[in-house]
Number of protein chains: 2
Amino acid sequence: MSELVFVGIGLYDEKDLSLRAVEEIKSADKVFAELYTSLLPAFNVKRLETLVGKKVVVVSRKILEDDEGRQILQETKGGKVVFLVPGDPLIATTHVDLRIRAEKMGVKTRIVHGASIISAVIGLTGLQNYKFGRSVTVPFLENSVVADTSYRVVMENRQRGLHTLCFLDLKAEEKRHMTVKEGLRILLEVEEREKKEVVTSKTLAVGVARAGAPNFCIKADYVKDLLQHNFGDPPHALVFPGKLHFMEAEALVSLAGAPRKILEMT
Amino acid sequence: MSELVFVGIGLYDEKDLSLRAVEEIKSADKVFAELYTSLLPAFNVKRLETLVGKKVVVVSRKILEDDEGRQILQETKGGKVVFLVPGDPLIATTHVDLRIRAEKMGVKTRIVHGASIISAVIGLTGLQNYKFGRSVTVPFLENSVVADTSYRVVMENRQRGLHTLCFLDLKAEEKRHMTVKEGLRILLEVEEREKKEVVTSKTLAVGVARAGAPNFCIKADYVKDLLQHNFGDPPHALVFPGKLHFMEAEALVSLAGAPRKILEMT
């Protein structure tokens with residue numbers, strides 16, 4: 001049987017792999033990994049290879065997207081291929097595409113889920129899951145049209161009282177990972193043009209760094225103060241709270257060091 | 001040092017635990033688990049106890065909510081307590097509350113993230129993450145006001161072209177878990193009153209059963225046909241797609257058996 005198993009690596013290092021993930025890797029005929037859709041701060045391929053007793057082939061975005069996963073799909077012929085992906089594996093659109101192509105070729109696909117940045121950031125903030133509107137990525141300024149989109153998404157969510165989770169752009173090949181500070185500055189630039197009071201120096205925001213890492217960092221504050229906060233190494237993410245329930249405000253104060261005066265806003 | 005570590009169990013059984021989670025449990029002074037916020041289809045406490053060589057105390061909702069986690073917090077005194085929670089652990093509001101109380105008492109808290117139903121269902125459908133609006137729970141009909149909320153959330157998201165992830169209610173103590181069929185019927189009842197064409201027999205929806213289980217089931221179809229589909233054992237979830245991108249429609253056809261004519265809708 002030809003089989004392609006998408007395995008989520010999780011958020012930080014190879015110890016984020018589930019017991020099931022390790023079993024799947026050990027019984028695979030071939031193991032691929034991509035490490036460009038998210039940054040795993042302490043993931044080490046050599047350590048993983050030692051752990052599972054198997055060679056792991058790291059594929060670049062260029063290889064995966066240019067050859068449409070052909071290299072991976074060829075290896076499934078009559079065997080089992082494991083494809084390791086940061087976070088929960090099918091969140092990245094490019095992998096959904098690979099999965100569809102595999103199924104169309106008659107390759108059976110399975111998923112071993114992993115911890116995702118989505119639920120991790122929501123959980124770390126203490127904000128309520130069902131109050132998050134759509135999420136969005138703040139892109140590097142090379143593409144200003146799309147930065148306008150992220151501004152608009154924050155605005156639309158806030159108008160409905162909802163929180164916004166903003167992923168921050170990365171260019172893994174260039175080792176560029178947008179920081180909280182850069183993300184805020186990009187949104188403040190859009191604010192200067194749009195002037196809709198969506199992201200101003202007085203807006204409450206939450207910066208999260210290294211979600212899932214032992215040395216994760218979370219800080220809720222007004223944008224002008226958040227710009228001064230040192231979040232340390234990437235990856236970073238941003239949350240713009242909408243209307244806060246009292247318990248959410250208390251969570252931001254207790255768990256994210258928000259100024260106590262936000263308790264009066266609820 | 002007093003320490004409380006929230007550990008996500010993941011979605012299906014004890015093999016969903018990460019290597020880090022197992023390490024944390026093995027080095028804990030006391031291990032608690034709650035199994036009522038989500039159903040883990042094949043999780044077995046005895047097997048887990050054998051795996052980690054440690055006693056695991058299962059706490060009920062009643063105990064946890066009535067005593068405000070006192071039992072757990074007391075055990076942290078000068079030691080390390082691990083609290084096992086289905087999915088990613090801090091998504092449930094009641095645990096955020098426990099975390100805040102712990103921090104206020106000076107107990108250090110940490111989180112070991114696990115696979116969450118949120119990213120799992122998004123990934124299984126092949127729909128794009130950033131096109132999901134806010135999510136909502138369809139409640140058992142005992143509480144019809146709240147069923148109206150879930151109808152309204154689907155409507156508001158769809159008006160903006162966004163998808164809706166609907167969690168389905170559960171009453172773990174009574175072993176009641178809402179099925180896709182029950183969820184659809186509840187929403188169709190609201191439709192009869194509201195008549196806003198949000199959930200009719202012709203609405204496209206996606207049912208997901210046992211996300212994260214080897215025998216997971218996913219089916220996209222019009223509501224009238226979805227009502228006939230046998231999804232098998234719980235837990236179930238529902239997704240109402242908004243405006244579909246061509247690749248999303250193709251994902252629903254290839255990965256969820258949607259009728260091919262939805263390709264013409266994009």
Side-chain angles (χ1 to χ4, degrees), chain A residues 6 8 10-23 51 87-91 93 96-97 99-100 103-104 109-120 122-124 126 128-137 153 156-157 160 162 167 211-212 214 216 247 250-251 254-255, chain B residues 6 8 10-23 51 87-91 93 96-97 99-100 103-104 109-120 122-124 126 128-137 153 156-157 160 162 167 211-212 214 216 247 250-251 254-255:
Chain A
F6 293 86
L11 298 164
Y12 180 64
D13 69 5
E14 55 281 358
K15 284 190 186 166
D16 278 26
L17 287 165
S18 67
L19 302 177
R20 173 169 296 108
V22 172
E23 278 187 7
L51 180 75
D88 201 7
L90 268 292
I91 293 300
T93 311
V96 174
D97 202 34
R99 187 170 169 225
I100 294 173
E103 290 279 343
K104 282 187 173 171
T109 63
R110 287 189 291 119
I111 306 172
V112 176
H113 298 282
S116 166
I117 184 74
I118 304 172
S119 54
I122 295 175
L124 284 170
Q128 286 169 18
N129 169 43
Y130 69 87
K131 283 180 62 190
F132 276 80
R134 66 187 285 206
S135 54
V136 74
T137 296
V153 168
E156 285 175 4
N157 283 334
R160 299 165 69 215
L162 303 177
F167 304 106
F216 80 93
M247 217 193 80
E250 194 161 282
S254 298
L255 309 175
Chain B
F6 293 86
L11 297 165
Y12 179 64
D13 68 5
E14 56 282 358
K15 284 189 185 167
D16 279 26
L17 287 166
S18 67
L19 301 176
R20 173 169 295 107
V22 173
E23 278 188 6
L51 180 75
D88 201 6
L90 269 291
I91 293 300
T93 310
V96 174
D97 202 33
R99 188 170 168 225
I100 294 174
E103 289 278 346
K104 282 187 174 171
T109 63
R110 287 190 292 118
I111 307 171
V112 176
H113 298 281
S116 166
I117 185 72
I118 303 173
S119 55
I122 295 175
L124 285 169
Q128 286 169 18
N129 168 43
Y130 70 86
K131 283 179 63 191
F132 276 79
R134 64 188 284 205
S135 54
V136 74
T137 296
V153 167
E156 286 176 1
N157 283 334
R160 299 164 69 214
L162 303 178
F167 304 106
F216 79 93
M247 217 194 80
E250 194 161 281
S254 299
L255 309 174

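Throughout, a chain's letter reflects where its sequence line sits, starting with A, and its residues are numbered from 1. Any value given below was found using the heavy atoms of this structure, including those in side chains, with hydrogens, waters and symmetry copies removed.
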Checklist entry - Contact part of Phe216(A) toward chain B, heavy-atom cut-off under 4.5 Å: side chain, backbone, both or neither? => result side chain
Item to check | Top contributor to chain A contacts, counting heavy-atom pairs under 4.5 Å, from Glu23(B), Gln128(B), Glu250(B), Arg99(B) | outcome: Arg99(B)
Next on the checklist: Let's test your reading of the structure: which of Ile122(A), Asp16(A), Val112(A) forms the most heavy-atom pairs below 4.5 Å with chain B?
Outcome noted: Asp16(A)
Item to check | Which portion of Glu14(B) sits near chain A, non-hydrogen atoms under 4.5 angstrom | outcome: backbone
Item to check | side chain to side chain contact (heavy atoms under 4.5 Å, CB included) between Asp13(A) and Arg20(B), intermediate numbers included | outcome: CA-CA 9 Å; Asp13(A) 69 5; Arg20(B) 173 169 295 107; 2.7 Å; yes
Checklist outcome for this item: Most heavy-atom pairs under 4.5 Å with chain A, out of Val22(B), Asp97(B), Asn157(B), Leu51(B), belong to Asp97(B)
Checklist outcome for this item: Heavy-atom closest pair (Ile117(A) atom, Ala211(A) atom, distance to 0.1 Å) is CD1-CB, 3.9 Å
Checklist entry - Among Glu156(B), Arg110(B), Arg160(B), which has the most heavy-atom pairs under 4.5 Å with chain A? => result Arg160(B)
Checklist outcome for this item: When the 4.5 angstrom heavy-atom criterion is applied to Val153(A) and chain B, the contacting part is neither
Item to check | Partner chain A: residue of Gly133(B), Gly126(B), Ala120(B), Ala251(B) with the largest heavy-atom pair count (under 4.5 Å) | outcome: Ala120(B)
Checklist entry - Which pair of heavy atoms, one from Gly8(B) and one from Leu17(B), lies closest together, and at what distance? => result O-CD2, 3.8 Å
Item to check | Pairs of heavy atoms under 4.5 Å with chain B: top-ranked of Ile100(A), Val96(A), Leu90(A) | outcome: Ile100(A)
Next on the checklist: I need the Asp88(B) CG to Asn129(A) CG distance, nearest 0.5 Å.
Outcome noted: 10.0 Å
Next on the checklist: Taking side chain as everything from C-beta outward and backbone as N, CA, C, O, which of these in Leu124(B) sits under 4.5 Å from a heavy atom of chain A? Side chain, backbone, both or neither.
Outcome noted: both
Item to check | Check: Glu103(A) side chain, Thr109(A) main-chain N or O, donor-acceptor pair, under 3.5 Å | outcome: yes
Checklist entry - With respect to chain B, which residue among Ser135(A), Gly87(A), Ser116(A) yields the maximal number of heavy-atom pairs within a distance under 4.5 Å? => result Ser135(A)
Item to check | Phe167(B) versus chain A, the contacting section by heavy-atom distance below 4.5 Å | outcome: side chain
Checklist outcome for this item: One should read off an interatomic distance between Ser254(B) OG and Lys104(A) NZ, to the nearest 0.5 angstrom, of 4.5 Å
Next on the checklist: Please determine whether the number of non-hydrogen atoms from other residues, nucleotides or ligands lying under 6.0 Å from atom NZ of Lys15(B) exceeds 12.
Outcome noted: no
Checklist entry - Any side-chain heavy-atom pair from Pro89(B) and Ile111(B) closer than 4.5 angstrom? => result yes
